[in-house]
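Read the structure below first, then the notes.
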Amino acid sequence: MIQTEKQAIAEVAAPLVGLAADEVAALIEYPPNPELGDLALPCFRFAKVLRKAPPAIAADLADQLAATGRFESVQATGGYVNVRVARGRVARTLISALSAHPETVFSRQSSAGDTVAIDYSAPNIAKPFGVGHLRSTVIGHALANLFRADGATVLGVNHLGDWGTQFGKVIAAYLRWGDEETVRRDPVKELFHLYVRFHAEAKDNPELDDEGRAWFKRLEDGDPEATRLWQWFIDESLKVFQAMYDRLGVSFEFTLGESFYNDKMDAVVDELRSRGLLTESDGALVVDLSEWNMPPCIILKSDGATIYPTRDLAAALYRHDVLGANRLFYVVGGEQTLHFQQVFKVLELMGRDWAANCRHVAFGMMKYNGERMSTRRGKVVYLEDVLDRAVADTRQIIEAKNPDLPDKDWVAEQVGIGAVVFNDLKNYRMHDVDFRYEDVLNFDGETGPYVQYTHARACSVLRRAASEFPSDLTTDLAPAEGPLLDSEWALVTEMGKANEVFERALAQFDPSLMARLVLDVCHAFNRFYHDAPILAAPDAQTRAFRLGLTDATRRFIAYTLGLLGLRAPEAM
RNA sequence: GUCUCAGUAGCUCAGUUGGAUAGAGCAACAGCCUUCUAAGCUGUGGGUCGGGGGUUCGAAUCCCUCCUGAGACGCCA
């Protein structure tokens, strides 16, 4: 909506400054002070080409823009052209668009025709689902939603850690110290305890490691006992993970663990060999990448076994060739940056031009009390505990503030989990985060509950309106006579940024931009709510307009929360 | 040691890809519920944008350099 105005300005200005309209539109910004105007075009950049001082250019452009009659006012101040748009018209356009098709306000379907495979979550079998897995899960899910909303066919892939020496260790530990009944009661936790114990005891007992390796070898060779236990671990783990995904509202198109590629790696090795990309080095077969300043990518270990780059190559080929993806994203921690650079480079060397469409969406590390979490040492924060605490706290707040609320448990679940999810989504991906309960369990300020609360608040007004002024909800949304209030316009402005922020979020693979935007919208709405009586507006026309704005805001928030993977209860 | 990423208010972070007086939230303090949900709103205090150079009309943003932190750097994933 704001774009339409930017475009209109750019089309007038473009021929005068010798740039394409799109280029000029990209330069238009929001003035720091609303009194200056709604949009501003800085003219400094044009000075050199036009051989004129910026203020003079601004003055010329201002005249031209004023002559169109489209804008409420146009002023040159210094090197800027400040434009005040026809606020009523812009507001009306935005409100009706949001009430008819909210998605059109965000997306121009730029990803239509793309099939994107997004690798996210990827927890390890027989290990707990910790807060450390939250980031990949939540960011990946939000990105999947964003690309789907932009018209792409999205294939969410859960690349489970279901293979490797660790399973030999778990099997060995289970056979030594475990018993079936205890494990059945709480499989993942119990297996995890056995795993931690294994590592602790292996320190003084190195032969334990041999035992683990031996069991993994048996698993690889298809030993029935090893295979049975391994499959059991997987089944039990998946049950636990699924319960977590259900609570988080996360889903996948494919759940394909590492083991899925066991029979697909020979082909990769053969192709690399026949293309002459493999060289021998200390007994291992590697792809030399020194030309690109990278260490070699190991394909076969010196014992002839494959290794994770081999597996990721096989997985990438599968996702492209079989699943039909033309873009491949990996939502995986930043510590694996080099690994993905190597894998993508090898794909390129294998002649796969779509390697350029592979992207590692890295994120910072989650720490606890400033320390790195370690599954081996048993240092993990269970996501389940975090969710439970958040929900319990929410439940208490509801009891204190809104004891008559129906469905209190369900609302507490949505809000408590929303708090945890939003907390992880609102900040720049690459920053390390130190997990602290006091942050996650804070429901004031820039938080999920704040956004959900604002949504519920808007819903509440609309519910009242439906019973008290039903006709006002159906009339057309002609704005009241006279100018919009500052708070009304500020709200329209924030929501009007939907498309540009949405597209930046896609371009940068960064859902936090959407989280920030919805926070700004909520703040603007709450200020409007405080400043302007809605139901008690001075006249019916004003009331209808404000109700329209409230309804549009409600839809905006609900839609954005949906993109981020949060639910939007109508009361809380 | 080499490479990558980060460093902005006491704390957690934004900062529209180089634009106007660097902004939020938390914490602290002071106000605002006879009126639409106070999980809210308003105000006050709080800054060497890690340091130093440079590029230009203009730098938190781009370049160089140094400092600090995190991560990665061949047979784990």
Side-chain angles (χ1 to χ4, degrees), chain A residues 26-33 36 40 42 44-45 47-48 53-54 77-80 82 122 124 159 161 163-166 258 281-286 293-303 305 307-309 311-312 332-339 341 362 364-365 367 372 394 397-398 400-402 405 415 419 426-428 430-434 436 438-439 442-454 456-465 468 497 500-501 504 508 512-513 516 519-520 522-523 525-527 529-537 546 550 571-572:
Chain A
L27 297 174
I28 296 173
E29 55 197 51
Y30 301 93
N33 181 342
L36 288 166
F44 308 95
R45 190 168 304 209
K48 218 168 253 172
T77 41
Y80 293 88
N82 290 318
N124 293 317
H159 192 69
W163 201 248
T165 331
Q166 47 190 344
E258 295 170 2
S281 167
D282 293 336
L285 287 181
V286 306
N293 278 320
M294 283 188 266
C297 183
I298 299 187
I299 300 297
L300 285 182
K301 300 194 281 187
S302 45
D303 64 359
I307 187 168
Y308 64 98
R311 200 173 296 273
D312 274 344
V332 178
E335 65 275 9
Q336 292 195 39
T337 299
L338 176 60
H339 163 69
Q341 282 174 348
M365 187 160 278
K367 307 199 171 190
R372 199 170 172 161
T394 305
I397 293 172
I398 291 173
K401 304 202 176 206
N402 199 355
L405 182 73
V415 175
K426 75 176 176 200
N427 290 330
Y428 180 53
M430 287 305 288
H431 279 121
D432 288 351
V433 294
D434 193 2
R436 282 190 319 227
E438 50 179 308
D439 291 339
N442 170 31
F443 301 154
D444 297 329
E446 300 173 329
T447 66
Y450 170 73
V451 178
Q452 291 169 316
Y453 173 80
T454 306
R457 208 178 205 191
C459 288
S460 170
V461 175
L462 293 165
R463 269 195 303 276
R464 289 219 178 198
E468 292 174 34
K497 293 176 183 170
E500 60 185 72
V501 175
R504 266 188 72 212
Q508 299 179 7
S512 78
L513 298 174
R516 295 267 155 207
L519 282 171
D520 289 342
C522 287
H523 190 232
F525 176 80
N526 282 318
R527 214 162 45 215
Y529 177 93
H530 184 265
D531 288 359
I534 302 169
L535 297 175
R546 290 184 183 164
T550 302
M572 63 186 267

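We name chains A, B, ... by the order of the sequence lines, and we start the count at 1 in each one.
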Anything under 3.5 Å between a protein N or O and an N or O of nucleotides 54-59 of chain B, put it in a table, one pair a line.
none

With a 4.0 Å cut-off on heavy atoms, is [X] in touch with a base, just the backbone sugar-phosphate, or nothing at all?
| X | result |
| --- | --- |
| A:Ala305 | nothing |
| A:Ala532 | base |
| A:Ala40 | base |
| A:Glu468 | nothing |
| A:Asn427 | sugar-phosphate |
| A:Lys367 | sugar-phosphate |

In RNA chain B, stems of three or more consecutive pairs, Watson-Crick or G-U, each with both distances under 3.5 Å, turn out to be B:1-7 with B:67-73, B:10-13 with B:23-26, B:28-32 with B:40-44, B:50-54 with B:62-66

Just jot down the side-chain hydrogen bond (donor to acceptor under 3.5 Å, both in side chains) partners of A:Asp439, sequence neighbours excluded, or say none.
A:Arg436

Holding to side-chain hydrogen bond (donor to acceptor under 3.5 Å, both in side chains), I want the full list of residues that pass it with A:Tyr428, two or more places apart in sequence or in another chain.
none

Quick one: which of B:C13, B:U37, B:U12 gets closest to the side chain of A:Ala456?
B:U37

Taking B:G15, B:C13, B:C36 as options, the one with an atom nearest any side-chain atom of A:Arg504 is B:G15

For A:Val501, give me all partners under side-chain contact (heavy atoms from CB on, under 4.5 Å), at least two apart in sequence or on another chain.
A:Lys497, A:Leu513, A:Met514, A:Leu517

A:Pro31: partners by side-chain contact (heavy atoms from CB on, under 4.5 Å), with sequence neighbours left out:
A:Leu36, A:Ala40, A:Asn82

Take A:Leu36 and A:Ala26, find for each the nucleotide of RNA chain B with the closest heavy atom, and name the residue whose nucleotide sits nearer the 5' end.
A:Ala26

Can you name the ring-ring contact (aromatic ring centres under 6.0 Å, His included) partners of A:Phe525, sequence neighbours left out?
A:Phe528

Identify, with sequence neighbours excluded, every residue that meets ring-ring contact (aromatic ring centres under 6.0 Å, His included) alongside A:Tyr308.
A:His339

Nucleotide by nucleotide, 5' to 3', does protein get under 4.0 Å of the base (B), only the sugar-phosphate (S), or neither (-) in nucleotides 72-77 of chain B, counting heavy atoms?
SSBBSB

Sugar-phosphate means primed atoms, P, OP1 and OP2; the rest is base. With that split, encode nucleotides 60-65 of chain B 5' to 3' as B, S or - using protein heavy atoms under 4.0 Å.
------

Distance, rounded to the nearest Å, where A:Tyr30 contributes OH and B:A20 contributes P
15 Å

Between the protein and nucleotides 3-6 of chain B, list every N/O to N/O distance that falls short of 3.5 Å.
from: B:A6; atom 1: O3'; to: A:His431; atom 2: NE2; distance (Å): 3.4

In this structure, is the centre-to-centre distance between the rings of A:Phe443 and A:Tyr453 below 6.0 Å?
no

Whether the side chain of A:Arg311 engages the backbone of A:Glu258 through a donor-acceptor N/O pair (distance < 3.5 Å, no angle test) should be reported.
yes

Tell me yes or no: between the side chains of A:Asn442 and A:Thr447, is some donor less than 3.5 Å from an acceptor?
no

Identified side-chain contact (heavy atoms from CB on, under 4.5 Å) counterpart of A:Ile298 within the set A:Val286, A:Leu285, A:Asp282:
A:Val286

What distance, rounded to whole Å, do you find between the two C1' atoms, one in B:A22 and one in B:G58?
15 Å

Kindly give the atom pairs (protein nitrogen or oxygen, nucleotide nitrogen or oxygen) under 3.5 Å for nucleotides 38-40 of chain B.
from: B:A38; atom 1: OP2; to: A:Arg457; atom 2: NE; distance (Å): 3.2
from: B:A38; atom 1: OP2; to: A:Arg457; atom 2: NH2; distance (Å): 2.1
from: B:A39; atom 1: OP2; to: A:Lys401; atom 2: NZ; distance (Å): 2.1
from: B:A39; atom 1: O5'; to: A:Lys401; atom 2: NZ; distance (Å): 3.4
from: B:G40; atom 1: OP1; to: A:Gly445; atom 2: N; distance (Å): 3.0
from: B:G40; atom 1: OP2; to: A:Asp444; atom 2: OD1; distance (Å): 3.4
from: B:G40; atom 1: O3'; to: A:Asn526; atom 2: ND2; distance (Å): 3.4
from: B:G40; atom 1: O2'; to: A:Arg457; atom 2: NH1; distance (Å): 2.7

